[in-house]
Every structure is written in structure tokens, then in C-alpha cells.
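The chains referred to below are lettered A, B, ... by the order of the sequence lines, with proteins before strands, and numbering in each begins at 1.
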Number of protein chains: 2
Amino acid sequence: MDLSERQLQILQAIISDYVENAEPVGSRSIAKKYDLGVSPATIRNEMSDLEEMGYLTHPHTSAGRVPSDKAYRLYVDDLMQKKNLSARDKRLINDRLAASRDEFDATIRHAAELLSEITHLASFAMTPSVNEDTIAFIRLMPVDARTIILMIVGNSGNVTNTTLRLSVPYTQESLEMLGKHMTVTYKGRTLDDALKGEIIEDVGTDIEALSQLRGSVMPSFMKTLEDMLNVHLYMEGMTNIFNIPEYSSIDRARDFMQMFARKDEFTRKMLDRDEGVVITIGDENDSMKDCTLITATYHVDGKMVGKIGVIGPTRMKYDEVTSIMEYLTNNLSESFRLTEGKDDDKK
Amino acid sequence: MDLSERQLQILQAIISDYVENAEPVGSRSIAKKYDLGVSPATIRNEMSDLEEMGYLTHPHTSAGRVPSDKAYRLYVDDLMQKKNLSARDKRLINDRLAASRDEFDATIRHAAELLSEITHLASFAMTPSVNEDTIAFIRLMPVDARTIILMIVGNSGNVTNTTLRLSVPYTQESLEMLGKHMTVTYKGRTLDDALKGEIIEDVGTDIEALSQLRGSVMPSFMKTLEDMLNVHLYMEGMTNIFNIPEYSSIDRARDFMQMFARKDEFTRKMLDRDEGVVITIGDENDSMKDCTLITATYHVDGKMVGKIGVIGPTRMKYDEVTSIMEYLTNNLSESFRLTEGKDDDKK
DNA sequence: TGTTAGCACTCACTCTTGCAGAGTGCTAAT
DNA sequence: ATTAGCACTCTGCAAGAGTGAGTGCTAACA
């Protein structure tokens, strides 16, 4: 049931042509453009067989053939050859990422931008989830009579703060004491653990004022932990899909945009995907059944894993897109390896 | 050249009908639905006059009439009557805003959400620009051997921090010294002033190490100031426009979405608008000539001004939308007056 | 003098028909 | 096994006819 050499050639030709022109491709044009040494009639016969095997479909009787999801899958797994990035694209990526090297989130955002600029598809990039990050210290600082700042610093350099307004008065000393006590309590625990674990009731002191202060601070503490744990999602080039024939119907476009508007749901789905370059084509996706989704992972500090991705029609230039994504993730991992432990604030 | 009472009635009827059904309205249907006590023929004569005066247009000879931008302007200025919000909407607004009262940015985001949920239009909300905010203090804190946190606190409680990686070693004392020195230098200056003003070269000490440290910190300081000055823009319900007949063409929809994708440009334009409820209809806008844009302002702490807005087709329910926006901005101003000086971190 | 009824006219929209073009599927010849 | 040839199918486009909604004008009316 394997495909013959010639069938593979024809299939590849059809995919190339269709990816290029977005129109069903007929036997005659294949015979003309790709020098296979056979006549259109022969190609027709092969195409008929390929269709029977599920690699091609037929919008209607007298239209040309269109590759099926199965065909793209075969192409991606066996036929596709790595493409080399143009020097121009490489330089673009290097320059842009270098420009924001010392601001973590900005770098990630730029990665998403680059991805959509170069591929002309919709793209996104996510910061790593820091569930595994551990708490380094917690500090409370006075701002004015009733306002203080709560700051949580993770060992990866991840910092988040919240301003909170207290209903009880405080003293500089009590703030320091509580901060130190919280640090002692939570130091070394993962954010996840700190958030989900039982709340330590023991303030380590009997001083009533401190206990009250603690009561005011804890809810914000938890909320801030939650905030630190949130993955940041940057999306770019969503409007690119309007230029793709597949999405020229308003309904399609709407569905597409709405999927992205639900950021939380989208983030969750993306986090579930495996590491490395993962391609899911058409029906292989549980939603967006007419899209291809490609994700790739980068590493921060060797362990934390972030993701970038592109979304487009199944009809896309798989070879180019995957090459770009590999280059980009390598570049990202590289910069985050050197500046290990680096992470800017959560703006 | 003033309009007669009857002409106003007819104009109002046409607007109501068109806003409701999005289809050109004819003389007969007006005569039937609105009890004006005159025949279609009379209405036709009046419509003809109204058209001559520029209040109505005519897609083609045998279509009904459509209100012009000028008609909406008249309606908004003179004819429109305040609508009372439904108890349901009021409750929705109160509840949702109350839920996030202690997180400034979250409240603003919720305001945008509410606006799009209730009006079914595209909406946005911006945090106030804090150009006028003054620096309260600056602090530098150690994280690890090469990493420190720079924190700038404004007098409005606005806090931003950045983690930065130093190329030179530091000591705890030098950090404290520099922090204090910077605080002395910048305290009381507005963010804008601090950012644009000349950089104070004098470190107030001759110690070489401190001067070097300062050299590493200043660029991040500037960048962080810039970040604090940035207005945060939250957009919601962009996909709502897909449900509006005016935007059922893919080109229109694309233009619309692209305008929002350019956030910086959009923000700048919105900042230029006056305070209070401002309505610009169709051609009155310099871009989006077929949209109506309504903005309204809320106040934080009495002085800082933030904006919310909706964007939709010129054919919208002006009375309802403005009522909702007034209610919402009053509510926002109210909560930010009570919790004056409150502002969460810049997550 | 303002209002109305009546009627011709216009235009968008829809449905049908016809036609050209692209492509297939089958058959018979090579 | 491959190919040429031909009938067949289906889409897309354009032209033409019919329909319906709505206007504009005129003449009659109160």
C-alpha cells in the first residue's frame, strides 16, 4: 500500500502547486510545470489512485485535485526538506532579538512579531510557565500611611509586585517583620506549591498587630502569586489571515478571531502541546479544523519552557515556516541561556 | 432654514427605524409604523426636502432613505433623550467593578469588557496618563550576585520595577547609596520631567564604583520611566463588528481590525480627544470614516484622566450607548476617588 | 395652500438560460 | 503500461426577464 516513487513525485507537485496558488490543480498543469516525463493522462490515473487512498480530494467533478490533511501529513513527515533561511531573515531575527535582550517580555513579544512578519501568518509567543520557580524572598515596603507594596521575588529573577491599601495602620517594623517571616515561611517553595499549599497560620508571634497586618496582606499575596504564575501571551499578525483566500468568508474570519479573543482558553490548549516542533494539521486539531498549527519551544535557563507558534491554513509553506521557527527558538534559547536567571518585571 | 416640527419627527422616525433594521427606510413604512397622521405622499415630500438639506441620502433612486452623518449629529445634539439603564445592566456594572476594586488595571479592563458586553460593540479602556505623577522614591534591591531590582514609586502609588543584570559587581551599600541619591535627585519631579530633563551627571560622590554602578543603572531607569508613562490599553469585543451588516465585507473588517492592531497609534489618537462624552460621527473622524467613535473620561484621584470608548457603525443606539458610558465613567470615578492614590502594579 | 391619491418610472435583486473553459474518466490504440 | 482522443460534468460569467420596493410628479381635493 506504499506509494510509488512517481506517486510521491506527483503528490509533491500537487502540494507545491496548491500551496503556491490556492487553487485546485489539474493533471495538465502538473505535466507542463513539473517535468515528470509522463502525459497528463497518466497523471490523471495516478491522481485517481491517490484520491482513492485518501491523499487527494475533489471539490467537484470537473475541478482539479486538492491535497488532503493526510497528504500534508505525509509531506511533513517524509517529503519535506529543510529550507535555509535567507540571510536577510537571519539578520532580521538576530538584530531584532538583540535589541531587546535585557527585557525578557519584550524579547518574547518581538519573537512573535518576527514570526508573523516573516511568515505572513498569525503568530503568538508565550513566556514560560514558572510553576517550578521557587520563592527567593518577599518584601513589604511602605509607600504612605495606608499604602504598601508587596514584592515577591523568584529565584529565576522573576519579580512581581502589588500595591495594596491596608485597612489597618502599620509600622515600618511590623512590615519588616512580616516580610521576613513570610520569606522564612515560603523561601524555596515553588510558586505553585505556595499558592496551592495550606496557608501557614502561625505568624511566629503573638503580637496582635502583626497578625492583623498579615490578615490584610495574605489575600494580595495569593493574588500576586497567581499573577506570577500566569503565562503571558503575545499575539501578532492576526489580521494576516484576512489576506488568505481560505478566510475570505466573514464567518471563517470571525471564528478565527474569536478563538484568539479567548486568550485563557487558548493559552491552556497551547501549554498542553509537547516540546519541540509540533505540527497539527486540519482535523488533527480539536478546534480550527481547517488550520494548521505549528508550535515550537524555547528554553530559559535550561529548564523553563516557553512556546512560540503560528497558525495558518493547512495550505502553508511548511518547510519555510518550520525552518524559521527552529532558527528563532534556537536563538531565543541561546540568549536566555547566556543571561540565565534573567527576567524583567511583568509589565 | 430650521426644520419644522414634522420634519424633525420624520427624521427621528427614519433614524430609529434605520438604527433598528439597518435598511433604507421608505415613506410607506414610516407612515404605517409611526403615527404621524399624514400619508406616505406627504412624508415623501418632506423626505425630499430633508434630503435637499443634507440630512438624508439615497443609495439609489428606488431605495428608501438613509440618515446622513449630519442627521446623526442633529439627533445626538438636539433630539436624543437620555435613556435609563436597565436595573440588570446597572447591577452588572456595579458587581463587576466591585469585584476588582483593589486592582486598578483589572478594573479598567473590566470596564472595557462591560462596555462591549452591554453595547455589543467594540470597546476599549485606557489607564490614565501619569505624566503629572511625581516620583516618591527610587530603590535598588539585590537579587543575586549580578542581578538587582530597580523600583520606582510614584506619589500616586504607581509602582514599576525592572530586573536588571549588571556587568559590574556591586555591594549592598553601594546600591543603597545610589538609590538614596537618585531619590534625592528625582523626588518630586514628574515622570515626564525626569525622563525628558537633562540627566544629572553628578553622583554626589567621587567613588569610582558608585559612578560605574550608576552608569549601568541609568539606561534601565530611563526605560522604566518610559514604561510607567505608557498608557495601558485594553480592548474588548473586537469581533463584535463581524455581526454588524456594515462590516460584512472582508475588506471593511480587515481595515477595522488593522486599525486596532496598531495600538500605539490608536492610543495617541484617543489621548487627543477632549474630556467628557465626545461623539464623532462618520466623516468627523479622520480615519474610520464610516464609524462612530464615542469616548468618555473618568477621573482618578480628582486629576488624572482615563478614557473609555466604543466604536461601531454610525448606525448605533446613541442614547443607550452614551447612557451606559456615563454610568460607567461615574462609577469608575467614584471608586477611584474613594481609594484615592491607589494603583496596582503594572501587570 | 397644504395634503393626498394615483401612476409612471427607476433600480436592485433574483432566476434562468446559454456559453466558454477547465478538468476528469473512459476507451481504444500504441 | 502509457497515451491520445473524446464525451461528459461542473463552475463561472454574462445577458435577459420578471418582481418588488420605493420614489417623483401631477392633478385632484379640503
Side-chain angles (χ1 to χ4, degrees), chain A residues 2-11 13-18 20-68 71 245-246 248-249, chain B residues 2-11 13-18 20-68 71 245-246 248-249:
Chain A
D2 257 8
L3 298 184
S4 72
E5 187 58 32
R6 191 169 65 191
Q7 284 176 321
L8 288 176
Q9 279 179 353
I10 292 175
L11 190 57
I14 292 174
I15 291 173
S16 300
D17 207 83
Y18 186 67
E20 190 73 33
N21 305 312
E23 259 162 36
V25 11
S27 54
R28 219 176 88 89
S29 64
I30 293 263
K32 243 196 288 187
K33 279 197 233 170
Y34 304 84
D35 195 19
L36 300 178
V38 290
S39 78
T42 310
I43 292 174
R44 274 206 292 283
N45 289 330
E46 297 286 26
M47 279 161 84
S48 181
D49 291 350
L50 284 167
E51 178 159 9
E52 209 171 324
M53 289 185 271
Y55 291 104
L56 296 176
T57 53
H58 225 180
H60 57 85
T61 329
S62 76
R65 299 311 211 284
V66 170
S68 66
E246 277 88 339
S248 58
S249 115
Chain B
D2 256 7
L3 297 184
S4 72
E5 186 57 34
R6 192 170 65 191
Q7 284 175 322
L8 288 176
Q9 279 180 354
I10 290 176
L11 190 57
I14 292 174
I15 291 174
S16 300
D17 207 82
Y18 186 66
E20 189 73 33
N21 304 312
E23 258 161 39
V25 10
S27 54
R28 221 176 84 91
S29 64
I30 293 262
K32 244 196 289 188
K33 279 198 233 172
Y34 304 83
D35 196 19
L36 301 177
V38 290
S39 78
T42 310
I43 292 174
R44 275 206 291 283
N45 289 331
E46 298 286 28
M47 279 160 84
S48 181
D49 291 351
L50 285 168
E51 179 160 8
E52 209 172 323
M53 288 186 272
Y55 292 104
L56 296 177
T57 54
H58 226 180
H60 58 85
T61 328
S62 77
R65 298 311 212 284
V66 170
S68 66
E246 277 89 338
S248 59
S249 115

Kindly say if [X] contacts the phosphate of [N], meaning a side-chain N or O under 4.0 Å from OP1 or OP2.
X        : N       : answer
Ser39(B) : dT4(C)  : yes
Arg65(A) : dT24(C) : yes
Thr61(A) : dG25(C) : no

* Could you tell me whether the side chain of Arg28(A) has a donor or acceptor atom within less than 3.5 Å of a complementary atom in the base of dG23(C)? => no
* Can you measure from CD (Glu51(A)) to CE (Met47(A)) and round to the nearest 0.5 angstrom? => 8.5 Å
* Asked: What is the distance from atom CD1 of Ile14(B) to atom OH of Tyr55(B), rounded to the nearest 0.5 Å?
  -> 13.0 Å
Atom [atom1] of [X] and atom [atom2] of [N]: how far apart are they, to the nearest Å?
X        : N       : atom1 : atom2 : answer
Ile14(A) : dG23(C) : CD1   : P     : 12 Å
Ile43(B) : dG22(D) : CD1   : P     : 12 Å
Arg44(B) : dG2(C)  : CZ    : P     : 18 Å
Leu36(B) : dT4(C)  : CG    : P     : 11 Å
Asp17(B) : dG22(D) : CG    : P     : 10 Å
Asp49(A) : dT24(C) : CG    : C1'   : 14 Å
Glu51(B) : dG22(D) : CD    : P     : 15 Å
Asn45(A) : dT24(C) : CG    : P     : 11 Å

Using a heavy-atom cut-off of under 4.0 Å over every strand shown, decide if [X] touches base, sugar-phosphate, or nothing.
X        : value
Ser62(A) : base
Thr42(B) : base
Ala41(B) : base

* Test item: Asp49(B) and Leu3(B) side chains (from C-beta on) under 4.5 Å apart, heavy atoms -> no
* Asked: Do Ile43(A) and Glu46(A) touch side chain to side chain, with heavy atoms closer than 4.5 Å?
  -> no
* Any chance you could lay out the side chain to side chain contact (heavy atoms under 4.5 Å, CB included) test for Thr42(B) and Arg6(B), step after step, and finish with the verdict? => CA-CA 10 Å; Thr42(B) 310; Arg6(B) 192 170 65 191; 3.6 Å; yes
* Closest listed nucleotide, where the reference is the side chain of His58(B) and the choices are dT23(D), dT24(C), dT9(D) -> dT23(D)
* **Nearest-nucleotide pick for Val38(A), side chain only, options being dT3(D), dT3(C), dT23(D)** => dT3(D)
